[in-house]
Amino acid sequence: MKENIARWISVLFIISGFCLIVGTAFYAAVIPDVFKWLFIAGGLLTALGAIRFRGFGSAEKLIKSERLRLDAEKQSLEKMKAEIEAQTSQLRKKEKEFMQKLITWHEWMEFPTDLEAEFCFRDPSGAGAISQKDREAAAFLEKQTEIVFDKIRNNGYHEDGVFQSRLLMNDVVNIFESIAAVYLPESENPLMETTIEQFLRAVNRISMQLLVGFEQLPLDIQRYNLKQTYETIRKGLKAYGTYKSAEPYMAYLRPVYYLGRFALGSNPVTLGAGWAAGELFKEGGKMLSSHFSNRYALGLIHDVVYIIGNEAAEIYATGYHHRTALWIYGAELTELVHRFPVSRESLQAALKEIGSLTLRNEYDRLFFYRALASRKSAGPKNPRYQTMLNFEERQNVADRLEQFRSRFIYGDPKTLRNWRIGVEDRLGVRLRVSESESEYNGGSLTEIEDDGLFCLAGFLMEKKNVNPEQLPALLSGAQIAEAMDESRKRAAIEKIVGEPPMIFDYPDYEISDNRINAFISDIMRFSVRLFPRDDQGYAVVADLLRYFRQNKEKSRFKEMNRMFSDFLAEQLAPESPVKTEKYPAACALLKLLNPGEKPVFVYDEVAVESGDTPVPINNDGWGLRLMGTSKRLVLAKIPVKTDGDSGADGEILWTGGEDVRMEPVKGLLSDKYIIHGGTWGRHECFSDETLLRIIVSCGVMNLSSNYFQALESAVNHGRPRRDQSLSG
């Protein structure tokens, strides 16, 4: 700064001297004496300025100044470089840690994807069809295990006494192709329909699980070469003779707890043999012998086939690992622990439960462990459990959840109610609740009774197409309304008519509530008495019984069968020759009725002839019935066995109207009528409809004079009439 000031002073001197010299020269001719001294002073100033400027502007001084400046900047840059290198080193370290965590995540954190998307992955027919394919895949793997077992035992992978690895690899490829064909039957080459990512992930999971399987053996077999490994396993399998005779050992040889305890910190080197020996000692030591490693080889082969097959299924049907009752139970268990305060005892019990599950993929066990340890939910939000699992499996899941909750979980009624509602929605099964916890039901007695009527109205509107105006007459006679006083019943029905339900739902009854039986009885009665009459009523009743955990399906179905017989008998006129029909005949006849049509009479001594030749329509368990309704005559082929299937429907062979005529025929022991006219339907036994005729016989035991009265009245009046006496 001082140097710059000095320079500017020198420059000022030079400029001042220059101005004096120029000015003096300009005025010297006019006043030479006055400006002579000014001229001299200007020169001196200019010389002085030049001397000073020359001293400050020397090259050496400038270079030295610049060098000093550059050195200072260089030191600053070196300092910045050191700081950047330190930061880069930290970033590399963090990147390495991140990559290690990413690798760990890929290896151990195989999180389930959204199950809602999984079921639509490749199969548009939905979860039910995929679950059926899952069962086909599991059955194939069981069969393939036996095939591999027999091949190894019988040297099926040898050629000229030498082990051929390519034969074994061919079977591995065959497992992949067969599993792929289950899920993609339309594909000519399903192996080519997987992505690189899916394939590499599957290979990674298979490799890790196989290593764990090998470590379970009490030998260092994972360090053997392929030939040594094969020979060791073959020696073990030969000790058993056949796969079926060795199958009972599977429960003790499969790695049920291995990875579970491994995830909790057990020694992976000694755990396999130690745990297996402990389990075998529990069985009295009867399986602990010199052939211990041989026996354990059997479980290994079983697991190898299943690991490969399960991963193949996961490629072609995403979510295959999760579509099992045990996986769903594990997911629901983590949700239960997540929702409520956890203790050391409850956490240990939950970890033990997860460790005891036989899952399709051991990565899922680790996922559940991490969820439990961090108090997170596994996200069981899939409402399609009901299509994935049958009723017994869903009930088993509910039973295990109830047992665990009653022993280890305590919480406020509101939290308990929210958890219970979620589980019931997903499983389609009602959970049992003790009386002390019944308050979490969430509604008063009046609200629950109204809820029963509301749900019954939903059934009538959705399943029976009843209009809101028809609801009061139907609901007022329901069994669930009998306990209600008239004013409250009327108010509840008026509220339902004002805001009618659009869909059918289950009432919020506890499992021990006696109103469940009344509600189911109302469903059964309306299923029988209201159109349409189909197997939907049986399905609804079955779902209700399963939802409320009532093992009364057989007795309830028998009760519903009697309702069909009683309702038909109630509808028939006194003149009807057949007074009652047993199930399934009564059900089949009622199913043939059109809306607004009522049965009037039924004849069971009926045959069909073509000319004078009987037509063999009746089969074993089936019979012919001539039914007169309020609108027409119907000849039907119906199931008549009392143990018949509820799904058996009748078939209308002939329909008669005003063109029907009758021809009486007298017999020695019985009379009969021949019916002509009407319209014949298609049947494999019918050839020439013009020759077909219906024969209605009286029968030896039916010699009453009015046996044919109902039929005669129907033909004479053009159609049967239920609203007046048939003799009129």
Side-chain angles (χ1 to χ4, degrees), residues 527-539 557 560-561 563-565 567-569 571-572 576-578 580-611 613-660 662 672-697 710-711 714-715 719-720:
S527 297
V528 171
R529 292 178 171 268
L530 299 179
F531 185 88
R533 300 177 184 89
D534 49 30
D535 297 328
Q536 186 174 229
Y538 285 91
F557 279 6
M560 194 168 176
N561 295 345
M563 286 184 176
F564 275 107
S565 298
F567 179 67
L568 179 63
Q571 295 293 302
L572 294 177
S576 174
V578 175
T580 183
E581 284 277 14
K582 293 183 178 181
Y583 183 88
C587 179
L589 288 173
L590 290 171
K591 285 181 179 180
L592 298 176
L593 298 175
N594 294 324
E597 192 174 21
K598 296 182 178 180
V600 179
F601 61 81
V602 175
Y603 285 84
D604 57 358
E605 296 290 339
V606 185
V608 176
E609 293 182 353
S610 179
T613 304
V615 179
I617 298 178
N618 293 358
N619 299 326
D620 183 29
W622 293 78
L624 292 177
R625 295 292 188 272
L626 181 64
M627 178 174 63
T629 73
S630 55
K631 298 181 179 180
R632 56 181 176 160
L633 287 171
V634 172
L635 177 67
K637 178 182 178 181
I638 61 171
V640 294
K641 279 190 175 181
T642 55
D643 59 346
D645 183 8
S646 62
D649 295 331
E651 177 186 2
I652 295 179
L653 304 178
W654 172 88
T655 304
E658 296 182 356
D659 62 332
V660 174
M662 298 171 52
K672 62 181 179 180
Y673 269 98
I674 301 176
I675 300 179
H676 302 278
T679 303
W680 289 93
R682 293 183 178 181
H683 192 275
E684 58 184 7
C685 296
F686 298 164
S687 56
D688 189 354
E689 295 182 6
T690 60
L691 300 177
L692 293 176
R693 55 184 185 174
I694 302 172
I695 309 299
V696 183
S697 302
L711 182 59
V715 173
R719 66 180 186 186

task = Please round to the nearest 0.5 Å and tell me the distance separating atom NZ of K672 and atom CD1 of I695.
result = 5.5 Å
ask   = Sub-3.5 Å donor-acceptor pair from the side chain of S630 to the main-chain atoms of K598, do we have one?
value = yes
key: Side-chain heavy-atom pair T629, N594 within 4.5 angstrom cut-off   = no
message = Quick one, V640 and D604 - any side-chain contact, counting heavy atoms below 4.5 Å?
response = no
remark   = Looking only at heavy atoms, the pair that brings R533 and L593 closest together is NH1-CD1, 4.2 Å
query = Is any side-chain heavy atom of I694 less than 4.5 Å from a side-chain heavy atom of L624?
reply = no
ask   = Under 4.5 Å between any side-chain heavy atoms of W654 and V660, yes or no?
value = yes
Contact summary for G650 and A588, nearest pair of heavy atoms = N-CB, 3.9 Å
inquiry  = Which heavy atom of F601 sits nearest to which heavy atom of A710, and what is that distance?
reply    = CE2-O, 3.7 Å
task = List in chain and number order the residues that pass side chain to side chain contact (heavy atoms under 4.5 Å, CB included) with V634, two or more places apart in sequence or in another chain; answer none if no residue qualifies.
result = R632, A636, I652
ask   = Going from CG on L592 to CD on E597, what distance comes out if it is rounded to the nearest 0.5 angstrom?
value = 9.0 Å
ask   = Aromatic rings Y538 and F564: how do their planes relate, parallel, tilted or perpendicular, breaks at 30° and 60°?
value = parallel
request  = Heavy atoms only: give me the nearest F567-V528 pair and the separation to one decimal.
outcome  = CB-CG1, 3.8 Å
message = Quick check: closest heavy atoms across P599 and L590, and the distance to 0.1 Å?
response = CG-CD2, 4.3 Å
key: Pair E651 + K637, salt bridge at N-O below 4.0 Å   = no
From T679 atom OG1 to D659 atom CG, the distance as rounded to the nearest 0.5 Å = 6.5 Å
ask   = Does a side-chain heavy-atom distance below 4.5 Å link I675 with L633?
value = no
task = Report yes or no: does Y603 contribute a side-chain atom to a donor-acceptor pair with the main-chain N or O of L711 at less than 3.5 Å?
result = yes
ask   = Which atom names give the shortest non-hydrogen contact between S610 and L692, and what distance separates them?
value = CB-CD2, 4.0 Å
query = Are the side chain of S576 and the backbone of V602 linked by a donor-acceptor contact shorter than 3.5 Å?
reply = yes
query = Can you tell me how far the CG atom of L653 sits from the CH2 atom of W680, to the nearest 0.5 Å?
reply = 7.0 Å
ask   = Excluding sequence neighbours, so at least two apart, what forms salt bridge (Lys or Arg N to Asp or Glu O under 4.0 Å) with R625?
value = E581
